[in-house]
2 protein chains.
Amino acid sequence: MRTRGEATRERILAAAEECFARQGYEATSVAEICQQAGVSKGAFFHHFPTKQEVFLELLERWLADLGENLAALRARARNVPEGLMWMAETAQQVFEMARGKLPIFLEFLSRAARDPRVWQASISPYRRYRAFFTGMIEAGIAEGSLRRVDPEAAANAFLSMAIGLVLQATVDPDGANWGAIAQESVRLFLEGVQQGQAP
Amino acid sequence: MRTRGEATRERILAAAEECFARQGYEATSVAEICQQAGVSKGAFFHHFPTKQEVFLELLERWLADLGENLAALRARARNVPEGLMWMAETAQQVFEMARGKLPIFLEFLSRAARDPRVWQASISPYRRYRAFFTGMIEAGIAEGSLRRVDPEAAANAFLSMAIGLVLQATVDPDGANWGAIAQESVRLFLEGVQQGQAP
DNA sequence: TATTTCATACCGACCGGTCGGTATGATTGT
DNA sequence: ACAATCATACCGACCGGTCGGTATGAAATA
């Protein structure tokens with residue numbers, strides 16, 4: 001954080017993230033963000049042309065972060081099933097840590113379905129994730145740890161499960177132990193596709 | 001639709017549903033709904049105390065409808081795997097038909113995560129769905145068509161998959177043939193849990 | 001070094017417009 | 001007549017974004 005300006009920028013982003021998480025995008029006014037950041041409205045619009053731009057920058061950071069975490073987990077795993085299980089275990093921590101932060105995820109999606117700018121910002125990382133998982137399944141088949149399933153179909157099923165889990169954990173965080181359920185689900189999934197595991 | 005009042009009420013609900021689907025809840029003004037319904041603001045607030053109440057009534061209808069459809073499919077199926085596959089096939093049609101209507105689903109969820117009233121209205125049907133699928137898996141095990149998996153875990157995995165699919169189809173409807181993917185995913189799931197199907 | 005210059009960072013009052021909801025009275029059906 | 005139904009006009013709050021102007025501090029000039 002070299003210059004004074006950059007520090008202010010970061011404060012605005014952090015404040016916006018908190019407000020969005022607490023109240024949602026629409027319900028959060030620019031004035032509120034400014035107050036939370038201890039900054040004037042003038043400063044806000046000096047650093048960002050619109051409220052939406054703040055939102056988009058947060059979105060980009062979040063998705064990039066997620067992508068890096070997934071890639072790191074895969075790289076560290078000794079084989080594909082292990083990598084997938086690690087991801088499920090990580091989900092446990094994510095659910096616990098993020099809690100109040102998760103609803104932004106929904107807000108992102110809800111807006112992405114309508115706002116072309118948001119859509120474009122979310123959809124290309126998302127498609128990379130799909131490709132990423134397809135690649136993982138293919139690698140699993142190649143290394144002999146997975147059955148010869150259709151990689152795309154399996155990746156889709158896995159990704160759907162992951163998305164569904166996150167969503168449920170977001171809406172009903174106290175309804176179940178979602179971290180444990182994530183692990184159970186992935187285990188079940190692996191039992192279906194793993195080599196020499198079928199009973 | 002006996003009285004004149006009921007007809008107006010329905011027109012307001014239909015108009016609201018369309019507006020919400022097209023623009024989202026927040027972005028839809030009461031005036032817009034009234035115009036679309038060919039009704040005055042006075043009529044609107046005569047039939048509904050607040051805008052949110054309209055939203056909630058739509059939500060209730062939608063969830064009740066979904067529940068009925070699921071129960072009907074299960075009742076007609078000759079065994080559990082067949083029932084699950086039928087649901088996947090139905091998803092195909094739902095995706096094609098609903099298209100523009102699906103984003104309301106996201107709006108529902110997004111609001112449910114924050115608005116206690118909406119949350120309560122969505123969460124109890126949702127928990128019924130979970131119980132419903134758990135019951136199905138148990139029945140499948142009892143009838144011998146499914147392996148002795150943990151019913152709750154399997155139901156969770158299946159429901160997660162379903163939710164994830166709907167969500168992806170909502171956000172990226174042209175990104176893939178979601179109906180086909182739904183069938184493929186369920187098939188994959190069944191291969192994992194079905195009796196005597198493991199290769 | 002002392003002074004001028006100037007870009008960047010920031011302030012906060014303000015504007016045009018929108019929105020959810022209300023007040024009041026007309027119309028309709030019984 | 002009288003209750004249910006609907007229309008019109010209106011209110012007060014709020015919001016995203018603008019704008020004229022001020023502070024800060026580094027580079028240029030003398």
Side-chain angles (χ1 to χ4, degrees), chain A residues 1-59 104 107-108 110-111 114-118 121, chain B residues 1-59 104 107-108 110-111 114-118 121:
Chain A
M1 231 159 286
R2 302 287 312 285
T3 76
R4 182 168 55 119
E6 276 181 59
T8 309
R9 227 185 112 89
E10 289 305 318
R11 290 230 310 286
I12 291 172
L13 281 167
E17 182 170 4
E18 218 219 89
C19 290
F20 289 159
R22 198 175 53 239
Q23 310 161 317
Y25 176 84
E26 308 266 15
T28 298
S29 70
V30 174
E32 233 167 332
I33 299 173
C34 293
Q35 198 184 6
Q36 171 98 16
V39 149
S40 75
K41 229 173 174 184
F44 182 97
F45 283 103
H46 174 73
H47 288 286
F48 299 94
T50 64
K51 186 173 120 179
Q52 171 166 291
E53 219 57 32
V54 178
F55 183 80
L56 284 172
E57 180 147 346
L58 286 174
L59 174 60
I104 323 183
E107 189 95 31
F108 280 166
S110 187
R111 294 186 64 74
R114 268 180 265 276
D115 186 326
R117 225 28 197 88
V118 179
Chain B
M1 230 158 288
R2 301 286 313 284
T3 75
R4 183 168 57 117
E6 276 180 60
T8 310
R9 225 186 113 89
E10 289 304 319
R11 289 229 310 285
I12 291 173
L13 280 167
E17 181 170 3
E18 218 219 271
C19 289
F20 290 160
R22 198 174 53 238
Q23 310 160 317
Y25 176 82
E26 307 266 15
T28 297
S29 69
V30 174
E32 232 167 332
I33 298 174
C34 293
Q35 196 184 8
Q36 171 98 15
V39 147
S40 74
K41 232 173 169 183
F44 181 97
F45 283 103
H46 173 72
H47 288 286
F48 299 94
T50 64
K51 186 174 121 180
Q52 171 166 291
E53 221 56 33
V54 178
F55 182 81
L56 283 172
E57 180 147 346
L58 285 175
L59 174 60
I104 323 183
E107 190 95 30
F108 281 167
S110 187
R111 295 186 64 75
R114 268 181 267 274
D115 186 327
R117 215 53 180 76
V118 178

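None of these values were measured; they are calculated from a predicted model.
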Working to the nearest 0.5 Å, report the span between [atom1] of [X] and [atom2] of [Y].
X      : Y      : atom1 : atom2 : result
E17(B) : F55(B) : CD    : CZ    : 11.0 Å
E57(B) : L13(B) : CD    : CG    : 5.0 Å
F48(B) : L56(B) : CZ    : CG    : 11.0 Å

Atom-pair distance ([atom1] on [X]; [atom2] on [N]), nearest Å:
X      : N       : atom1 : atom2 : result
F48(B) : dG20(C) : CZ    : P     : 15 Å
R11(A) : dA9(C)  : CZ    : P     : 14 Å
I12(B) : dA7(D)  : CD1   : C1'   : 13 Å
E6(A)  : dT8(C)  : CD    : C1'   : 13 Å
F45(B) : dC11(D) : CZ    : C1'   : 13 Å
E26(A) : dC15(D) : CD    : P     : 12 Å

Note to self: Heavy atoms from C-beta onward define the side chain here; which of dT22(C), dC10(C), dC19(C) lies closest to that of S29(B)?
What the structure shows: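 The closest nucleotide is dC19(C).
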Notebook entry, point to check: Hey, does the side chain of R114(B) reach the backbone of A21(A) with a donor-acceptor pair shorter than 3.5 angstrom?
Noted result: yes
Notebook entry, point to check: Can any side-chain N or O of S110(B) pair as donor or acceptor with the backbone N or O of S110(A) at less than 3.5 Å?
Noted result: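 A pair under 3.5 Å: no.
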For [N], take OP1 and OP2 only and decide whether either is under 4.0 Å from a side-chain N or O of [X].
X      : N      : result
H46(B) : dC6(D) : no
T8(B)  : dT5(D) : no
H47(A) : dT8(C) : no

Check: Do Y25(A) and F108(A) have ring centres separated by under 6.0 Å?
Finding: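 Here the rings of F108(A) and Y25(A) have centres that are no less than 6.0 Å from each other.
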Margin query: Can you list, in residue-number order, the parts of residues 30-43 of chain B that come under 4.0 Å of DNA chain D, counting heavy atoms only?
Written below: V39(B), S40(B), K41(B), G42(B), A43(B)
Would you please name every residue forming a side-chain hydrogen bond (donor to acceptor under 3.5 Å, both in side chains) with [X], sequence neighbours left out?
X      : answer
Q36(A) : E18(A)
Q52(B) : none
Q35(B) : none

Next item on the list: Check DNA chain C against residues 50-58 of chain B and give the residues with a non-hydrogen atom under 4.0 Å, in numerical order.
Entry: T50(B), K51(B)
Item checked: SB check R111(A) E26(A) (cutoff 4.0 Å) -> yes
Next item on the list: Rounding to 10 degrees, work out the angle separating the end axes of the helix from dT1(C)-dA30(D) to dT30(C)-dA1(D) (five pairs an end).
Entry: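 Taking the rotation axis at each end, their angle is 10°.
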Next item on the list: Evaluate side chain to side chain contact (heavy atoms under 4.5 Å, CB included) for F20(A) paired with I33(A), printing each intermediate quantity in order.
Entry: CA-CA 9 Å; F20(A) 289 159; I33(A) 299 173; 4.1 Å; yes
